[in-house]
Every structure is written in structure tokens, then in C-alpha cells.
Amino acid sequence: MKPMSNVDIYTISDELNNLLSGARVDKSFQPTKDIVVMRFHVPGTGRIDLVMQCGSRIHISQYPLENPTTPPTFPMLLRKRIKGAHVESIKQHNFDRVVEIKVKKDKYYTIIVELFDKGNIILLDDENNIILPLKRQQLSARDISSKREYAFPEERGINPINVTEEELKELFNNSDRDVVRTLAMNGLGSLYAEEIIERANDVVDIDKNTLTTELDDAQISGIYNALKKLFDNLKEGLIKPQIAKKDSKEDVIPLDLVKYHDFEKTYYANFNEACDEFYSKKVNTNIKDIKEAAWNKKVNKFEKRLTLQQETLDNFTRTIEDSQHKGEVIYSNYPSIENIINVVNTARGKDYSFKEIGKILKKAKEDGMSEAQIYESIDKMGVLTLDIDNTKLIIDPKLTIPENAEIYYEKAKKAKRKTKGALIAIENTKKQLEEIKTKKDMAMQHVEVPKKRVKKNLKWYEKLRWFISSDNVLVIGGRDANSNESIVKKYLEPNDIYLHADIHGASSTAIKLNGAKLNDNLLKESGEFAASFSSAWSMGFTTQDVFWVHPDQVSKTPEAGEFLAKGSFVIRGHRNYIRGARVKLAVGIVDYEGKRIMAGPIEAVEAHCDNYVVLKPGFTKKEAIAKKVLHKINEDDLLTLDDIIRVLPSGKCDIDEDYHQRKKYERN
């Protein structure tokens with residue numbers, strides 16, 4: 001992947017500074033070992049994700065990457081230290097491939113993003129000491145490790161934004177290389193070095209391979225003017241962010257370049273957007289391959305094991321057949337083997353050495369003696385090797401013929417016993433292999449190449465908690481203290497009904513009657529809604545009492561000497577109770593002013609859609625449950641993972657499998 005150039009980083013830093021100055025730092029994530037994502041909240045804009053990839057890129061992204069279930073150490077530290085901080089500035093360091101993000105919380109912190117070589121991301125304190133780097137690096141001139149003072153890389157090259165002609169001339173005078181290499185190696189890179197020379201050639205003739213010491217004043221002036229004209233556009237913000245493409249070559253650049261005059265160009269509103277399309281799509285196309293390769297590695301592990309086990313089984317089978325055959329050959333050639341054993345034992349009785357006996361038998365075989373034709377060799381321990389009908393036999397003269405045969409039969413029996421264990425092991429491995437293949441297939445089906453997150457135009461009620469009852473009445477609830485305040489002050493009308501779970505930490509809920517009549521079914525569903533979007537869910541309760549009152553009983557005026565926090569209200573007069581409201585929700589896609597996701601009481605969701613998932617308080621994190629829900633209900637690809645997470649209650653969940661099993665049984 002093409003790393004960002006110094007010019008790219010200058011442009012992107014300027015855009016990021018304008019966009020994120022004053023933004024609040026939210027959570028941080030680490031989708032891969034070298035990518036960190038920082039989430040910001042920008043007033044009036046909302047969520048913005050900044051992707052930082054070591055040694056490669058930094059830009060805003062609309063392509064959310066999948067995050068690990070357990071966050072690594074570095075993003076957890078960022079959450080602890082700088083979540084809630086506000087961005088002071090984002091700038092490029094000395095036109096180098098280094099970005100400084102300065103934020104302020106209880107004190108100043110700096111995030112250093114190094115985009116040269118393999119790169120790094122480093123959190124510094126207000127005294128420029130390293131709190132934690134993403135990667136510890138021991139370099140010749142720098143030690144990138146905790147509690148060390150951070151040192152920027154050695155400054156080199158020129159800053160084309162403010163370089164003078166004299167500085168450029170001095171650079172050329174001190175170089176022993178040609179002009180294009182000198183410019184490239186001093187901060188401009190090969191692309192912009194060649195671009196400057198090509199532009200300068202409109203005024204004065206310059207060969208890019210000319211040594212800098214051979215340049216005359218007119219040529220140096222031509223190069224300087226071309227450089228100045230090109231980079232004045234950057235300085236003044238006159239950029240044309242684009243992706244230029246020709247055949248297999250593709251590049252993202254902030255300016256129109258002469259070198260790319262015949263390229264097909266796609267222009268973008270800003271350089272961040274262009275970089276997001278260029279880099280994110282390249283990363284995204286590799287995601288499935290990377291995940292499939294990881295699964296293939298697991299599958300290969302079992303396939304190799306199965307191959308080795310099968311080879312072992314085949315060896316046992318061959319051992320059984322071979323050993324039984326040799327035992328039978330011994331008995332079939334009993335007299336011949338007995339004769340040669342007698343020869344050996346007789347010779348040993350006359351104090352012949354085994355070496356001498358071997359020579360005698362060999363001579364007898366060469367002389368054509370029939371009894372010696374099966375002789376092959378004898379070792380220093382006196383063990384014979386015989387060859388009978390192309391079958392090699394190992395015979396110990398100290399043992400009887402049956403004892404020699406029994407050695408082979410026992411070897412066959414031992415192999416048979418091992419065969420049983422090998423067959424069991426093979427069956428187990430086959431099962432494990434099938435299981436891992438099934439898991440792989442399921443995982444690959446669920447692998448989603450990140451899709452561009454498009455900001456949706458939400459209906460007013462979608463910014464709150466909401467559902468449509470089975471009687472087609474809209475019920476809304478607050479998401480937090482601010483929206484709880486809005487429910488009462490902005491949306492609660494005189495003919496509506498106000499509900500609240502009888503527990504600390506609950507959503508203010510309003511039934512928008514709009515002329516409809518209040519009935520027991522509507523109260524039951526609204527009570528379940530209010531109970532589920534309360535702290536009863538995170539506490540794992542199965543039921544929760546809920547009270548309801550009329551709007552004129554809800555007041556923001558506290559009793560004398562009391563104080564009401566934001567989102568809190570005083571209820572005056574008689575409270576009506578819905579006892580034991582069920583803490584359980586269903587999630588599905590309903591057609592209400594267009595198709596949209598809804599989380600509400602089971603009966604309400606069931607009345608408006610056929611395909612839904614029932615959830616109960618549980619032990620699974622929201623992101624994991626959201627993936628399962630998305631897979632089950634997202635038939636027309638209408639939703640994203642964020643859409644699901646947005647409608648889920650606070651706290652962990654589980655799918656109510658028992659409910660779905662009962663429904664399946666009832667349908668059948």
C-alpha cells in the first residue's frame with residue numbers, strides 16, 4: 001500500500017485541524033496490530049472516526065472496521081487518559097511524515113503518528129515523555145519506550161511551503177547527486193520531484209539526471225519558480241483532491257499534476273474523503289482474504305494431523321501384513337531354515353567366530369550349495385538375514401524356529417492393537433476437521449467487508465427510543481438525561497400518558513395517543529417498553545414495576561429546598577402501576593413511514609413484521625448480539641451494525657432461544 005507522502009500529510013493535517021479543533025475525544029479502537037481508530041464527537045456534526053495506520057496513512061473514514069472483542073492495551077490506555085479530552089490542534093511536524101495531535105483534558109497530551117518506515121503511534125504527556133507507544137522500538141538515535149523523553153526524527157530536507165531560492169541553491173550546492181534524487185530525498189518524494197522538473201521545463205531546459213553542481217542560476221530559478229507555484233496552491237488551500245487512475249496504476253493526490261495529465265480522475269470534496277476511498281477500499285478488499293487465510297491455517301492444522309494419522313495407520317496395516325507373511329514363510333521353509341541354524345550353531349560349538357561363519361556360508365552359496373542359497377548375511381551378534389522368495393527374514397540362531405516365527409506374529413498383534421487407537425484418533429480428527437470447516441464456512445458467511453457509513457436522515461422519533469404498538473400508537477422514550485428532558489418539555493402533550501419504571505435509572509416514556517383511546521393492551525406494551533429501557537435490564541431483572549400518570553402530574557418544579565437533576569421530574573398525585581412488566585424486547589424491521597428498525601415489546605413487533613429476534617437481559621456484549629441480529633433480520637441489506645446497536649438497551653443481552661423454539665413449534 002502506498003504510504004502518504006509529506007505533501008499528502010501536509011494537506012490532510014490542515015483539513016483535520018480545521019475539522020477536529022474543539023472536538024471531544026470519544027473511544028479508541030485497534031482493529032489490527034498497526035491500525036488505531038480514534039472516535040471524536042464534533043458539535044453539529046456528530047461522530048467522526050480518525051484512522052491512523054503506522055507508516056501508511058491518517059484520515060477520516062466512513063468505513064468502520066471490525067474491532068476485537070477484547071480491546072488491546074494501547075486503545076484502552078487512550079480511553080483511560082484522553083477520553084473526554086478536547087482537541088487543541090493537529091499539525092504536521094516540520095513538513096515531515098509525522099503528525100502531532102494535541103488534546104487537553106486534566107492536562108495536555110499529544111498523540112504522535114509516525115508515518116515513515118514501519119511507523120508508530122505514541123502517547124506523550126505534557127512534558128513530552130512517552131506514556132506508551134503502540135510499538136516499542138530501540139533505534140540507533142531514538143528509544144521509543146515508556147517513560148523516555150520523546151525525540152522527533154532528525155530534521156532533514158526542505159519545507160517547500162516556505163523555502164527560499166537561496167535555501168534551494170544551498171541544498172543543490174551541498175549535494176553530490178542528480179537533481180531529481182536531490183529533490184526526492186529532501187522531503188518531496190519522487191513524484192513531486194519529477195513534477196517540479198517537468199513544470200520547470202516549460203521555462204528552461206533541465207535534464208532530471210543532471211548533477212546539482214552542474215545547474216546554472218537560470219535552471220535553479222526555473223526549478224524554484226515551478227516549486228513555488230505548485231506549493232503556493234497548497235499554502236492557499238487551492239487543492240483538487242482526486243484519485244488518478246491509468247491501467248493498473250492508481251494514486252491519490254491533493255493537486256492536479258502534469259505527470260497525471262492523461263490519467264482518469266475522480267475528484268472529491270476534500271482530501272480526507274479521497275484518501276478514505278483510496279486506502280479504505282484497498283484495505284477492505286484484503287479483509288476477506290486475510291480472514292480466510294487465518295481460517296485455512298486452522299483447517300490445515302487438522303488436515304495435516306489427519307494425513308499423518310492416516311500414514312501411521314497405513315504403516316500399521318503394512319506391518320501386520322508383512323509380519324504375518326514372514327511368520328508363515330518361516331513355517332513354510334522350516335527344514336531349510338533349521339539346516340542353516342544348525343550350521344551356525346555347530347560352527348559356534350567349534351569356536352568359529354560369526355565373521356568366519358559368515359565367510360563359510362557365503363562361500364557355500366557361491367559354490368552353489370542348495371542349503372546356503374537362502375543365506376544373505378550374519379551380523380556380529382550372530383543374527384542371520386535370510387532371503388526366501390524375495391522375503392527378508394531376521395532369524396536368531398539362539399532361538400527355535402517357532403520362537404523366531406512368534407516374534408513376527410507378536411509384531412503383527414502389536415500393530416493390530418495400535419490400529420484400533422489410530423482409527424479412533426482418525427475419527428476424532430475427522431470430526432474436529434468437519435467442525436472447524438463448518439465454523440469457517442459460517443464465519444466466512446458472516447465476514448462483512450466494511451461498507452461506507454452513510455449518515456441517515458432520521459425521523460424525529462428515531463433520535464429517541466420508540467415503537468409502534470400493536471394498536472398503531474406511537475410510544476417514545478428518552479435515551480439519556482437530555483432526551484428525557486425533551487420527552488417532557490417538547491413532546492409530552494396534554495392528552496398523552498407519561499410512564500416511568502419504578503427504579504432509579506430509567507427512560508421517560510410517553511404514549512402519543514393523538515386521539516386514540518388508552519387500553520390495557522397499550523398500557524401493557526408501553527410498560528414493558530419502559531421497564532426494558534431502564535436499569536432493570538442491566539441488572540438482569542425479568543420483571544419490573546412501572547407507573548403511569550397524566551401529563552399535568554409531571555413537573556420540573558421541585559419541592560422547597562430540593563434540587564432536580566437534568567432529566568429528572570417530580571410526579572404529583574396518584575400513580576397508576578403496571579405490576580411485573582416483562583423485561584424483554586423484540587427487534588425487527590417495520591414499515592412505518594418507510595422501512596426502519598424498531599425495538600419494542602414482542603407483541604408490538606410481532607404485529608408489524610414476521611422476521612424478528614427476541615432479546616432478554618443476558619451476558620453477551622451488545623456488539624456480538626448486534627451481529628447475530630443483523631444476520632437474522634437484514635434481508636434487504638437495509639441496516640448496518642450501528643443501526644442495530646443504536647436500538648438495543650443498555651447492558652448485555654442474549655437471544656431468547658426458548659421463545660423462538662416455542663414459536664417454531666406452534667407454527668408447525
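It should be emphasised that the depicted structure is a prediction, and the values quoted were computed from it without experimental measurement.
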Report, one line per pair, each donor and acceptor closer than 3.5 Å where one atom sits in a side chain of residues 422-433; sequence neighbours left out.
residue	atom	partner	partner atom	Å
Asn428	ND2	Ile424	O	3.4
Thr429	OG1	Gln309	OE1	2.7
Thr429	OG1	Gln309	NE2	3.2
Thr429	OG1	Ala425	O	2.9
Gln432	OE1	Arg305	NH1	3.3

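Residue pairs meeting the side-chain hydrogen bond (donor to acceptor under 3.5 Å, both in side chains) criterion with at least one member in residues 325-342, sequence neighbours excluded: Asp322-Lys326, His325-Thr391.
One side chain, Ser145 or Asp143, offers a donor N or O that lies under 3.5 Å from an acceptor on the other.
No side-chain heavy atom of Thr620 sits under 4.5 Å from any side-chain heavy atom of Cys653. By the 4.5 Å heavy-atom criterion applied to side chains, Leu384 and Val344 are counted as neighbours. Contact check for Arg39 versus Arg47: side-chain heavy atoms found under the 4.5 Å cut-off. Asp387 has its side chain within reach of Lys392: a pair of non-hydrogen atoms, C-beta onward, lies under 4.5 Å apart. Residues Phe354 and Asp379 fail the side-chain proximity criterion, which asks for heavy atoms closer than 4.5 Å. At least one side-chain heavy atom of Ile144 sits less than 4.5 Å from a side-chain heavy atom of Tyr150. At least one side-chain heavy atom of Leu393 sits less than 4.5 Å from a side-chain heavy atom of Ile337. Between Ile82 and Ile111 the shortest side-chain heavy-atom distance falls below 4.5 Å.
A salt bridge links Glu410 to Arg417: one of the charged nitrogens lies within less than 4.0 Å of a carboxylate oxygen. A salt bridge does not link Lys259 to Asp251: none of the charged side-chain nitrogens sits closer than 4.0 Å to a carboxylate oxygen.
Residues forming a salt bridge (Lys or Arg N to Asp or Glu O under 4.0 Å) with Glu277 (at least two apart in sequence, or on another chain): Lys281, Lys452.
The number of heavy atoms from other shown groups lying within 6.0 Å of CG (Asp610) does not exceed 12. No more than 12 heavy-atom neighbours from other residues, nucleotides or ligands sit within 6.0 angstrom of CZ on Arg181. By the 6.0 Å contact criterion, CD on Glu264 is open, its count of non-hydrogen atoms from other residues, nucleotides or ligands being 12 or less. Sparse packing is recorded around CD of Glu154, with 12 or fewer heavy atoms of other residues, nucleotides or ligands lying under 6.0 Å away. No more than 12 heavy atoms of other residues, nucleotides or ligands sit less than 6.0 Å from atom NZ of Lys362. The 12-atom threshold is exceeded at NZ of Lys622, counting heavy atoms of other residues, nucleotides or ligands nearer than 6.0 Å. For Lys365, the NZ atom counts as densely surrounded, since its 6.0 Å shell holds more than 12 non-hydrogen atoms of other residues, nucleotides or ligands. Heavy atoms from other residues, nucleotides or ligands lying under 6.0 Å from CZ of Phe116 number more than 12.
Relative to the six-membered ring of Phe29, Arg79 meets both conditions, a distance below 6.0 Å and an angle of at most 45° to the axis.
Among the candidates Val252, Ile9, Val99, the single residue satisfying the side chain to side chain contact (heavy atoms under 4.5 Å, CB included) test with Met4 is Ile9. Checking each of His59, Lys2, Arg97 against Asp8 for a side-chain hydrogen bond (donor to acceptor under 3.5 Å, both in side chains) leaves exactly one that passes, namely Lys2.
Tyr409 and Gly327 get closest at one heavy-atom pair: OH-C, 3.3 Å.
Aromatic ring orientation, Tyr260 versus Phe263: tilted (interplanar angle from 30° to 60°).
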